[in-house]
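Naming: A, B, ... by sequence-line order, numbering from 1 per chain. This structure is a prediction, so every number in the text was calculated from the model and none was measured.
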There are 2 protein chains.
Amino acid sequence: MDSAAPMTTPATVEEFRERLAELSDSLPKRLRQCADYIAANTDRIAVSTVAELAAGADVPPSALMRFCQMMGFSGFSEMQKLFREAYSPGWPDYSTRLKNLKETGAGSPAALLAEFVEAGRLSLEALAKTADEGSLAQAVAVLAAAETVHVVGFRRAYPVASYLTYVFEKMSVPSMQHDGVGKLDHRFALRTGDALVAITFAPYSEETLALAADARARGLPVVAVTDHLTSPLARHANAILTVPEVDFGAFRSLSATIALALSLAVAVGTARGEG
Amino acid sequence: MDSAAPMTTPATVEEFRERLAELSDSLPKRLRQCADYIAANTDRIAVSTVAELAAGADVPPSALMRFCQMMGFSGFSEMQKLFREAYSPGWPDYSTRLKNLKETGAGSPAALLAEFVEAGRLSLEALAKTADEGSLAQAVAVLAAAETVHVVGFRRAYPVASYLTYVFEKMSVPSMQHDGVGKLDHRFALRTGDALVAITFAPYSEETLALAADARARGLPVVAVTDHLTSPLARHANAILTVPEVDFGAFRSLSATIALALSLAVAVGTARGEG
DNA sequence: AACAAAATGGAATAAAAATTCCAAAACGAG
DNA sequence: CTCGTTTTGGAATTTTTATTCCATTTTGTT
């Protein structure tokens with residue numbers, strides 16, 4: 001055990017992180033789990049016991065001990081000492097911190113960030129309150145039954161469409177994004193047995209509406225992700241998912257929309273996997 | 001010992017301070033010392049032992065124990081627990097909860113949505129708590145001074161990159177997304193006076209790292225948006241923005257990342273408009 | 001498939017910390 | 001000054017926590 005890395009003890013949090021980065025590529029499974037969990041929860045080391053951290057990382061305590069030693073400490077206590085000394089609590093009050101951020105200057109980047117964080121949080125809460133389980137279940141059913149899932153969304157809906165496609169791919173759901181690159185129109189790709197997810201918000205995108213109408217005309221099921229039940233997209237849709245997104249200035253946080261898209265994709269992927 | 005104050009246990013840091021204020025007038029010498037020291041070092045309770053605090057207050061450990069009991073706790077451990085938990089509410093760990101939920105088979109789309117909403121909300125709160133105003137201001141300064149802002153991000157960072165580019169465009173900031181369409185490499189497009197925003201999370205994308213390294217080698221400023229200060233992207237960056245995002249399996253909510261990107265874009269747009 | 005090396009989990013042990021208890025000291029009232 | 005009461009310090013005890021060790025499993029190699 002004296003072969004590999006220099007066995008100097010990290011003396012600062014900075015050094016600790018460096019060592020962690022060095023190691024984490026060359027670690028076996030359990031120790032890797034430790035490394036990942038510790039990397040994500042570094043701030044809890046100071047106030048936790050071996051048993052608690054081990055439980056969090058889902059490893060036995062002895063694995064965590066070994067991890068501490070790989071990091072160059074004599075044991076957990078020595079490692080914890082480093083963090084206890086460096087500990088200065090950024091007190092947990094989220095709302096206080098938010099207020100501070102806003103007040104540090106009306107136009108400052110930090111103040112903007114605070115506003116967008118707040119907008120995102122409100123959007124998510126609104127989504128949780130208003131989401132219609134029935135429509136969601138229906139949308140999942142429709143997409144789970146489809147051969148290929150087509151996804152369309154432009155402008156601010158575009159990031160959502162691309163993330164949705166990405167997650168579908170990750171979950172082995174055959175999917176295709178209609179992104180209009182090169183002004184190409186891929187509507188021929190819509191085949192019997194497929195389904196379409198169309199995403200658009202006011203001001204509604206012509207291309208998206210057109211593709212949805214086309215799909216509907218051919219008898220393919222359409223899932224609409226939009227802002228209101230009265231959206232022009234609604235008339236073409238079999239299932240309508242509305243997202244209450246709170247704007248700040250001219251810009252949407254997209255938080256709620258992404259959360260909805262993600263749920264949809266994972267639910268569909270799971271349903272297919274089981275079916 | 002049943003005479004004096006109400007024997008309810010303080011449940012919040014707030015209540016703790018109230019009780020402390022009530023008591024400190026009516027305490028004998030040694031206990032008063034405890035009260036004073038604790039009042040001045042409340043934040044050390046979470047990370048200290050009885051012996052350490054007692055030494056700090058210059059009293060024997062047993063005096064400190066008595067003090068804890070006067071405060072309405074069963075002992076020191078119970079008191080410490082309050083401060084350890086207050087440091088980060090939402091314990092036990094969120095990812096453990098998700099795992100449990102997944103295993104208990106409550107995989108309905110609505111339950112899934114609730115979890116993603118919660119993940120997004122936590123991510124946003126964490127972002128508000130940990131965001132570094134300095135780095136953010138620096139990133140804005142760098143980008144505001146650039147001719148053209150280049151943006152790169154693949155896989156799950158891709159939606160963020162595309163939204164960032166979209167908002168830049170809306171705000172009349174010359175920008176260009178490197179999206180690798182057609183396996184084209186647009187690195188020649190990086191010109192003196194430009195700047196790059198590189199976005200990647202573990203597992204880090206080769207292409208993004210390569211482009212960042214290239215830009216840096218040519219002396220262009222690079223703003224990194226990543227998950228951790230130890231990210232391989234960090235070594236190529238002039239300003240590092242870290243985003244604490246809560247994962248569900250392989251999928252990020254992206255809420256925090258989008259909020260950060262949005263703030264960045266709007267702040268840069270505003271700064272340029274004024275300049 | 002058989003072997004050696006590495007990794008792992010859990011029970012056993014050691015160390016450290018919290019908590020209790022009581023004899024001695026300080027205090028206050030008469 | 002004296003007696004009863006409160007407060008105090010520290011040693012003894014209990015509980016919790018860290019750490020080690022080794023039998024078993026897993027992994028990688030030939």
Side-chain angles (χ1 to χ4, degrees), chain A residues 1-5 7 9-10 23-38 41 44-85 87, chain B residues 1-5 7 9-10 16 23-38 41 44-85 87 91-92 96:
Chain A
M1 202 45 60
D2 56 298
S3 54
M7 276 323 246
T9 305
L23 277 184
S24 48
D25 292 327
S26 61
L27 244 33
K29 193 172 152 208
R30 283 288 113 98
L31 295 188
R32 161 77 65 115
Q33 272 174 255
C34 293
D36 290 348
Y37 183 79
I38 290 295
N41 299 70
R44 297 228 51 98
I45 296 175
V47 294
S48 302
T49 65
V50 172
E52 282 165 1
L53 291 175
D58 199 24
V59 300
S62 51
L64 204 100
M65 289 304 298
R66 273 193 296 272
F67 170 77
C68 297
Q69 285 158 1
M70 302 246 75
M71 288 291 293
F73 299 97
S74 68
F76 175 75
S77 298
E78 196 179 80
M79 180 170 111
Q80 188 176 53
K81 191 159 153 249
L82 172 64
F83 288 93
R84 287 195 165 175
E85 279 163 6
Y87 174 92
Chain B
M1 198 47 59
D2 57 300
S3 53
M7 277 321 245
T9 305
F16 176 88
L23 278 185
S24 49
D25 293 328
S26 60
L27 286 175
K29 191 174 157 207
R30 286 286 115 99
L31 294 190
R32 164 75 68 108
Q33 274 175 256
C34 292
D36 289 348
Y37 183 79
I38 290 295
N41 300 73
R44 294 257 104 211
I45 296 175
V47 295
S48 302
T49 66
V50 172
E52 283 164 2
L53 290 175
D58 200 24
V59 300
S62 50
L64 206 107
M65 288 304 298
R66 254 176 265 127
F67 169 77
C68 296
Q69 284 157 3
M70 303 247 70
M71 288 291 294
F73 299 97
S74 68
F76 175 76
S77 297
E78 196 179 82
M79 182 170 110
Q80 187 176 55
K81 192 159 152 249
L82 171 63
F83 288 91
R84 287 190 168 178
E85 279 167 3
Y87 175 62
W91 195 262
T96 309

Nearest to the Val50(B) side chain among dA18(C), dG9(C), dT8(D), which nucleotide is it? dA18(C)
Tell me what Ser62(B) touches on the nucleic acid: a base, only sugar-phosphate, or nothing, going by heavy atoms under 4.0 Å. base
So, does Gln80(A) get its side chain near the phosphate of dT17(D), meaning an N or O under 4.0 Å from OP1 or OP2? no
In whole angstroms, how far is the P atom of dT8(D) from the CZ atom of Arg32(B)? 12 Å
Nearest whole Å is fine: how far is dT19(D) P from Phe67(A) CZ? 14 Å
Whole Å only: how far is the CG atom of Leu64(A) from the P atom of dT19(D)? 10 Å
Specify the separation, in whole Å, of atom CE of Met65(B) and atom P of dG10(D). 17 Å
4.5 Å side-chain heavy-atom contact, Val59(B) and Tyr37(B): no
Can you tell me how far P of dT26(D) sits from CD of Gln33(A), to the nearest Å? 15 Å
To the nearest Å, how far apart are Arg30(A) CZ and dT26(D) C1'? 11 Å
Ser77(B) or Arg66(B), whichever maps to the more 5' nucleotide of DNA chain C: Ser77(B)
Taking the side chain as C-beta and beyond, is there a heavy-atom pair between Asp36(A) and Arg32(A) under 4.5 Å? yes
Atom CD of Gln69(A) and atom P of dA7(C): how far apart are they, to the nearest Å? 14 Å
Rounded to whole Å, how long is the line connecting atom NZ of Lys81(A) with atom P of dA16(C)? 12 Å
Report the C-alpha separation of Arg30(A) and Gln33(A) in whole Å, then their side-chain angles, then the decisive distance to 0.1 Å, and conclude whether the side chain to side chain donor-acceptor pair (under 3.5 Å) test is met. CA-CA 5 Å; Arg30(A) 283 288 113 98; Gln33(A) 272 174 255; 2.7 Å; yes
Phe76(A) has a side chain; which of dA18(D), dA18(C), dT8(C) sits nearest to it? dA18(D)
What is the distance from atom CD of Gln69(A) to atom CG of Leu64(A), rounded to the nearest 0.5 Å? 10.5 Å
